Amino acid sequence: MFLSWLCQDDSVTNVSRALPQVWPGMDTFTIFASHGHNTFTTLMWCGVTILTIVVVQQIWSLLFTPLDRVKRAADVGWSFLINDKNQSFWSKIFGGHRKPRGRDVAASVRRLEQLRRAGSLPPVYPNGWFAVAESRALKPGQVRQVQALGQTLAVYRGAGGAVWALDAHCPHLGADMAVGGAVKGDCLECPFHGWQFRGQDGACTVIPYAKKIPDVAKVRHWETQETNGFVFVWHDAEGRPPQWRVPEVAAVATREWRYRGRTEHEVLAHIQEIPENGADIAHLGHLHVPSVFKGADLFSVFSSNTFLDVAKHEWRGVWSPMEGEDSHVATVNIEHAFNLKPGGLRLFKMTVQALQIGPGLVHLHLNTTLGKGVLVQTVTPLAPLKQKIVHHLYSAPTFVAPFAKFVLHSEACHLERDIMIWNSKQYMSRPLLVAEDKLIKKFRTWYRQFYSPNSPTAESVASSDLDW
């Protein structure tokens with residue numbers, strides 16, 4: 001036989017002689033060929049099965065796992081730094097982001113920060129509650145370093161589950177207790193010499209080698225509140241206790257509504273610019289009218305290409321402040337529709353009641369054809385002209401995951417259009433307004449309540465940095 005001739009090994013030869021006795025009428029080559037065919041078929045089906053599992057897993061991840069979209073300051077709003085001739089063919093047709101080189105972005109950001117005038121800015125750190133951590137990212141016994149309000153904080157979860165926030169630097173010799181520090185019960189231990197500070201009030205409770213603890217041995221303690229998936233700290237330039245509490249969203253607290261994902265963005269602007277958008281209803285009727293499928297890059301959004309202009313967004317809204325005990329809250333009621341051409345077939349409709357709670361928190365209560373949900377927005381100053389915006393979306397079970405992820409992704413796209421404006425605009429203390437802009441003036445009067453005589457200004461922050 002041919003195979004026996006190729007194989008000089010006696011065992012192979014014996015097998016080749018035995019095979020025709022097992023399958024009479026078939027020579028050895030036919031038997032081996034048939035066996036090889038079966039092996040190939042088995043391998044092929046294994047490959048198809050593995051590929052199917054991978055594809056299904058990717059589809060499941062795309063549609064049902066919570067969204068986690070993170071954009072740093074250099075990731076959004078800098079496409080004007082790239083030459084049009086470098087734009088791809090498909091980008092020119094369908095729009096989308098054009099990504100400039102990292103060193104160009106860094107240089108542009110530095111120039112922007114140098115050229116911006118700080119003299120006309122309002123105080124940079126208003127009084128109120130600000131998010132410094134997300135609950136799901138802080139496990140018992142874990143400590144995190146947080147940059148917020150121009151300060152470095154150590155935020156940690158004690159053994160009992162409570163969250164505490166202290167100034168990160170130990171008053172002894174200045175070690176950062178969030179870098180290598182250990183949680184001991186409800187205290188935070190400095191990694192340098194083992195001093196321990198109590199989360200409730202910042203008092204030093206342990207100095208391992210000292211006979212007596214000085215009365216002045218303490219670190220600044222920040223009032224905290226954990227709710228709706230975030231950890232907030234209270235900041236007040238006058239040292240006053242919290243003037244209000246962060247309201248709890250009942251359906252989030254009871255887990256009746258499901259977590260659908262998060263987005264995180266950094267913005268190079270004054271904090272007041274961001275909530276002011278809620279009162280600037282006119283900008284909705286221009287910046288946010290082009291289809292979300294045109295992306296966030298304004299060069300694509302307002303390009304002459306009309307391929308994706310068959311569908312457009314429609315907005316109606318009213319902003320108003322509340323009074324009395326809730327004077328720190330303002331409301332924006334919005335009707336949002338997505339139509340095929342103005343006045344055409346309505347593809348999507350949603351009503352939103354947004355509650356601006358203090359200077360850095362918004363609850364956007366969504367009502368759609370598939371059910372209700374809430375988008376929790378937090379804005380935290382990292383530096384005078386640098387803000388961190390985080391959104392969490394929770395929705396009813398009928399507000400299914402694929403739809404919820406689409407809504408959250410669309411919201412991020414609209415936000416990134418705003419960011420492209422914010423990153424390069426200048427705050428106007430005396431803007432040129434028309435009669436239809438009256439709500440902007442009303443908003444600024446309302447927002448002024450969050451500033452006080454000792455609120456830090458851009459000049460005072462810069463001066464303290466120079467002193468250091």
Side-chain angles (χ1 to χ4, degrees), residues 72 124-125 127-227 230-242 264 266 378 380-384 386 388 390 454-456 460-468:
R72 300 302 177 200
V124 292
Y125 302 138
N127 300 323
W129 290 100
F130 296 98
V132 292
E134 296 170 56
S135 298
R136 64 184 62 248
L138 197 62
K139 303 186 184 315
Q142 189 173 22
V143 58
R144 287 186 173 274
Q145 185 200 67
V146 175
Q147 302 290 334
L149 300 157
Q151 307 290 323
T152 303
L153 310 182
V155 180
Y156 66 97
R157 191 180 295 278
V163 178
W164 311 103
L166 304 174
D167 274 1
H169 294 107
C170 179
H172 177 213
L173 287 174
D176 189 333
M177 295 187 290
V179 180
V183 177
K184 303 289 186 179
D186 282 337
C187 295
L188 182 61
E189 182 182 78
C190 177
F192 202 4
H193 296 87
W195 291 31
Q196 293 182 18
F197 297 89
R198 190 166 50 212
Q200 292 92 330
D201 55 10
C204 182
T205 59
V206 173
I207 300 178
Y209 53 88
K211 295 179 180 179
K212 181 181 178 181
I213 299 176
D215 293 337
V216 295
K218 59 178 60 179
V219 69
R220 180 182 177 184
H221 157 263
W222 295 71
E223 186 77 25
T224 62
Q225 182 182 351
E226 184 174 16
T227 186
F230 289 93
V231 176
F232 298 88
V233 297
W234 172 259
H235 164 74
D236 187 271
E238 313 306 319
R240 296 170 297 187
E264 178 183 335
E266 290 180 351
T378 65
T380 303
L382 305 180
K386 188 175 185 180
K388 177 181 176 181
V390 178
N454 291 310
S455 290
S460 65
V461 171
S463 176
S464 64
D465 289 343
L466 288 174
D467 289 344
W468 181 87

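These numbers come from a predicted model, not from an experiment.
- Atom CD in Gln151 sits 6.0 Å away from atom CZ in Arg220 (nearest 0.5 Å).
- Every residue meeting the side-chain hydrogen bond (donor to acceptor under 3.5 Å, both in side chains) condition with Trp195, not counting sequence neighbours, appears here in chain and number order: Tyr209.
- Shown here are the ring-ring contact (aromatic ring centres under 6.0 Å, His included) partners of Trp222, two or more places apart in sequence or in another chain: there are none.
- Separation of atoms CG (Leu188) and CD (Gln196) is listed at 8.5 Å; rounding is to 0.5 Å.
- Separating the CG atom in Leu153 from the CG atom in Leu166 is a distance of 9.0 Å, to the nearest 0.5 Å.
- Considering only heavy atoms from C-beta on, Ser455 comes within 4.5 Å of Asn127 through its side chain.
- Taking Arg136 as the reference, nothing meets the salt bridge (Lys or Arg N to Asp or Glu O under 4.0 Å) condition, with sequence neighbours excluded.
- By the side-chain hydrogen bond (donor to acceptor under 3.5 Å, both in side chains) test, Thr152 is found to be paired with Gln147, residues two or more places apart in sequence or in another chain being considered.
- Checked against side-chain hydrogen bond (donor to acceptor under 3.5 Å, both in side chains), Glu264 has the following partners two or more places apart in sequence or in another chain: Arg72, Arg262.
- When atom types are taken as modelled, the side chain of Thr380 and the backbone of Phe130 share no donor-acceptor pair closer than 3.5 angstrom.
- When all heavy atoms of Ala137 and Arg144 are compared, the pair lying nearest together is O-NE, 2.8 Å.
- The ring-ring contact (aromatic ring centres under 6.0 Å, His included) pairs that include a residue from residues 174-193 are His172-His193, where partners are two or more places apart or lie in different chains.
- Shortest non-hydrogen contact noted between Val219 and Asp167 is CG2-O, 3.4 Å.
- Residue pairs meeting the ring-ring contact (aromatic ring centres under 6.0 Å, His included) criterion with at least one partner in residues 133-153, sequence neighbours excluded, do not occur; the list is empty.
- Contact record, Ile213 with Thr205: CD1-O, 3.2 Å, taken as the closest heavy-atom pair.
- In terms of heavy-atom proximity, Ser135 sits nearest to Phe230 at OG-N, 3.5 Å.
- Residues passing the salt bridge (Lys or Arg N to Asp or Glu O under 4.0 Å) test with Asp236, sequence neighbours excluded: Arg240.
- Take Thr224 and apply the side-chain hydrogen bond (donor to acceptor under 3.5 Å, both in side chains) test, not counting sequence neighbours, and it matches no residue.
- Here the straight-line distance linking atom CD of Glu266 with atom NZ of Lys386 works out to 4.5 Å at 0.5 Å rounding.
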query = Does the side-chain contact (heavy atoms from CB on, under 4.5 Å) test come out yes or no for Glu223 and Trp129, once each step is laid out?
reply = CA-CA 9 Å; Glu223 186 77 25; Trp129 290 100; 3.9 Å; yes
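- The stretch residues 178-197 participates, sequence neighbours left out, in no salt bridge (charged side-chain N to carboxylate O under 4.0 Å, His left out) pair at all.
- Judged by distance alone, with hydrogens and angles left aside, the side-chain atoms of Tyr125 form no donor-acceptor pair with the main-chain N or O of Ala237 at under 3.5 Å.
- The stretch residues 196-219 participates, sequence neighbours left out, in these salt bridge (charged side-chain N to carboxylate O under 4.0 Å, His left out) pairs: Arg198-Asp201.
- Here the shortest heavy-atom pairing between Cys204 and Val206 reads SG-O, 3.5 Å.
- Side-chain contact between Ile207 and Pro214 is present, with heavy atoms from C-beta onward closer than 4.5 Å.
- Val143 and Ala154 make their closest contact through CG2-CB, 4.2 Å (heavy atoms, listed as atom of the first residue, atom of the second, distance).
- A salt bridge (charged side-chain N to carboxylate O under 4.0 Å, His left out) check over residues 150-162, counting only residues at least two apart or in different chains, returns the pairs Arg157-Glu226.
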